[in-house]
Engineer: 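If you scroll down you'll find the structure; I have some questions about it.
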Protein chains: 2
Amino acid sequence: MSEAMEQLGRAPLFRNLGEDVLAEIAGFTHSRSLDRGEPLFQAGDPFRSFFVVNSGHIQLSRLASTGHEKVVEIIGPGETFAEAVLFMDGKKYPVDARALEATELLEIGAEGFNHLLDSRPGLTRNLLGALSKRLHQLVQDVAALTLEDATGRVVGYLLAQAEGAGGEVHLPAKKAAIASRLGIQPETFSRVLGRLREAGAIEVEGDRIRIRDSERLQEILKA
Amino acid sequence: MSEAMEQLGRAPLFRNLGEDVLAEIAGFTHSRSLDRGEPLFQAGDPFRSFFVVNSGHIQLSRLASTGHEKVVEIIGPGETFAEAVLFMDGKKYPVDARALEATELLEIGAEGFNHLLDSRPGLTRNLLGALSKRLHQLVQDVAALTLEDATGRVVGYLLAQAEGAGGEVHLPAKKAAIASRLGIQPETFSRVLGRLREAGAIEVEGDRIRIRDSERLQEILKA
DNA sequence: CGCAGCCTTGAAAGCTATCAATACTAGTGG
DNA sequence: CCACTAGTATTGATAGCTTTCAAGGCTGCG
């Protein structure tokens, strides 16, 4: 099994597929490396391929007319992105993508992949599942942005990240990027963390946050 | 061609499908009527079917722990909803759905539909397209919620609704519901409309809004 | 006519953004 | 090894927008 096939297999999107399918996909895939801060594509660029992150982190963001930037998503190892663009009318990327650090990824050619789809039901199943999951996540985000205030969103984010990570959160990006992802300013993010720390709910050490009192966080979320 | 088949065919989700496929789908479909305000399902209910709106409007909303309600989406004639739940892990509806007015819809059984999928590539194509479109829409919403202020969101909404409607917008629901959809309070919505009216950009008559000065609106959006 | 629901308008409070200045950190070069 | 610098994070003060609470107006229907 080639290296590309192994890397593909690690992504949920390609889970449970036969080796033959993986081999086919690997056929129109090649690996890419990005340096910290290096752009991958811009909003409006013609869509030709989508990606799997192998190591590092990619940030997806949108630029407002005012020059402000909003981080839509932060993609980590094993995750795919831009696969939804395959099925959209105007074949253009809708967001900007750039590496937050040195990042390795696989680029999967859209054309070849598209041809595979109709003959591989399992593949379309996985795709539908992936899109549905992202959809659900976005609905959650929209709800949080309107129903929760800054503190609530930060707490929600911390609890979600701590899930299955043993009460320790490793922020996947600079705090300013996380703040943008949460729809708040860096200053507000800092203040909220400060308040949570003073309340004894968390401990902060650089980009590591330890959840000290999970129950108190839940209470704050409900308040 | 049965009535159900015709109604199905009007939805973009079932566009470009052979009559044989439509007939099969119609086989596990039955129509339902809802009165104004009547609930269709609640968040957490087990998922058994998804829906096509035939006439009227359905509101999808989420309830926060504080009791506040956020309108996620307002679904009109020809549109489908809850189809994404088909592919999610925990087969439960993630939102509440209820009729905003007397509404006719088709209920499509999940099990039967699911069986059809693997043998009908065209159907999965349509599904992938529909999910991608919704995904893109949600990304837009998230961006608007964080990048635009209340005025910007209202203007964006009006321009989007007026698209192809000849500069006249017919609000599909009570203003309070629209406001929630836009992530603002009813009072704020009212005030923003008032300001736009005073600026001569729009005219408001109940639930009808005429765009009087589209350019000025675009400017406000960019300001 | 009167009531109920919805929308509008007003005033005050609260939260977050913004502006500004100060720490802090890591990486660089002397 | 230390000093320096650039980027990043924290902290403070203020302004602005939106929410909240409250009251008044409007409309349709019994």
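Chain identifiers are assigned alphabetically (A, B, ...) following the order of the sequence lines, protein sequences preceding nucleic acid strands; residue numbering begins at 1 within each chain.
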Engineer: If you go through the side-chain atoms of A:Arg195, does one of them form a donor-acceptor pair with the base of C:dT16 closer than 3.5 Å?
Structural biologist: no
Engineer: Using the closest heavy atom to pick a nucleotide of DNA chain C for each, name whichever of A:His68 or B:Leu193 lands nearer the 5' end.
Structural biologist: B:Leu193
Engineer: Can you figure out which of D:dA9, D:dA22, C:dC7 approaches the side chain of A:Ala176 most closely?
Structural biologist: D:dA9
Engineer: Looking at residues at least two apart in the chain, or sitting in another chain, which of them share a side-chain contact (heavy atoms from CB on, under 4.5 Å) with A:Arg210?
Structural biologist: A:Glu168, A:Glu203, A:Glu205
Engineer: Taking only N and O in the side chain of A:Thr188, is any of them less than 4.0 Å away from OP1 or OP2 of C:dA17?
Structural biologist: yes
Engineer: From C-beta outward on A:Lys175, which listed nucleotide comes closest to its side chain: D:dG12, D:dT10, C:dC7?
Structural biologist: D:dT10
Engineer: Give a yes or no on this: more than 12 heavy atoms of other residues, nucleotides or ligands lie within 6.0 Å of atom NZ of A:Lys92.
Structural biologist: no
Engineer: For A:Arg36, which contact category applies under a 4.0 Å heavy-atom criterion: base, sugar-phosphate, or nothing?
Structural biologist: sugar-phosphate
Engineer: In whole angstrom, what separates A:Gln185's CD from D:dT14's C1'?
Structural biologist: 16 Å
Engineer: How close or far is atom C1' of D:dT10 from atom CG of A:Leu171, stated in whole angstroms?
Structural biologist: 15 Å
Engineer: Which whole-number value in Å describes the distance from B:Lys174 NZ to C:dT8 P?
Structural biologist: 14 Å
Engineer: Given atom CZ of B:Arg153 and atom C1' of D:dC17, what is their separation to the nearest angstrom?
Structural biologist: 11 Å
Engineer: What integer distance in Å separates B:Arg208:CZ from D:dT27:C1'?
Structural biologist: 17 Å
Engineer: Yes or no on side chain to side chain contact (heavy atoms under 4.5 Å, CB included) for B:Leu86 and A:Leu128, after CA distance, side-chain angles and deciding distance?
Structural biologist: CA-CA 9 Å; B:Leu86 261 170; A:Leu128 286 166; over 6 Å; no
Engineer: To the nearest Å, how far apart are A:Glu187 CD and C:dT22 P?
Structural biologist: 16 Å
Engineer: Testing A:Leu171, A:Leu60, A:Ile178 one by one against A:Ile74 for a side chain to side chain contact (heavy atoms under 4.5 Å, CB included), which residue passes?
Structural biologist: A:Ile178
Engineer: With under 30° as parallel and over 60° as perpendicular, where do the rings of B:Tyr93 and B:Phe47 fit, or are they tilted in between?
Structural biologist: perpendicular
Engineer: Which of these nucleotides, C:dT16, D:dT11, C:dC6, is closest to any side-chain atom of A:Asp149?
Structural biologist: C:dT16
Engineer: Tell whether A:Arg191 reaches the base of C:dT18 with its side chain through a donor-acceptor pair below 3.5 angstrom.
Structural biologist: yes
Engineer: What nucleotide among D:dT11, C:dT9, C:dC6 has an atom nearest to a side-chain atom of A:Ser190?
Structural biologist: D:dT11
Engineer: Take the protein atom CD of B:Glu198 and the nucleotide atom C1' of C:dT8, then report the distance between them rounded to whole Å.
Structural biologist: 12 Å
Engineer: Could you check how far CD of B:Glu205 sits from P of D:dC26, rounded to whole Å?
Structural biologist: 16 Å
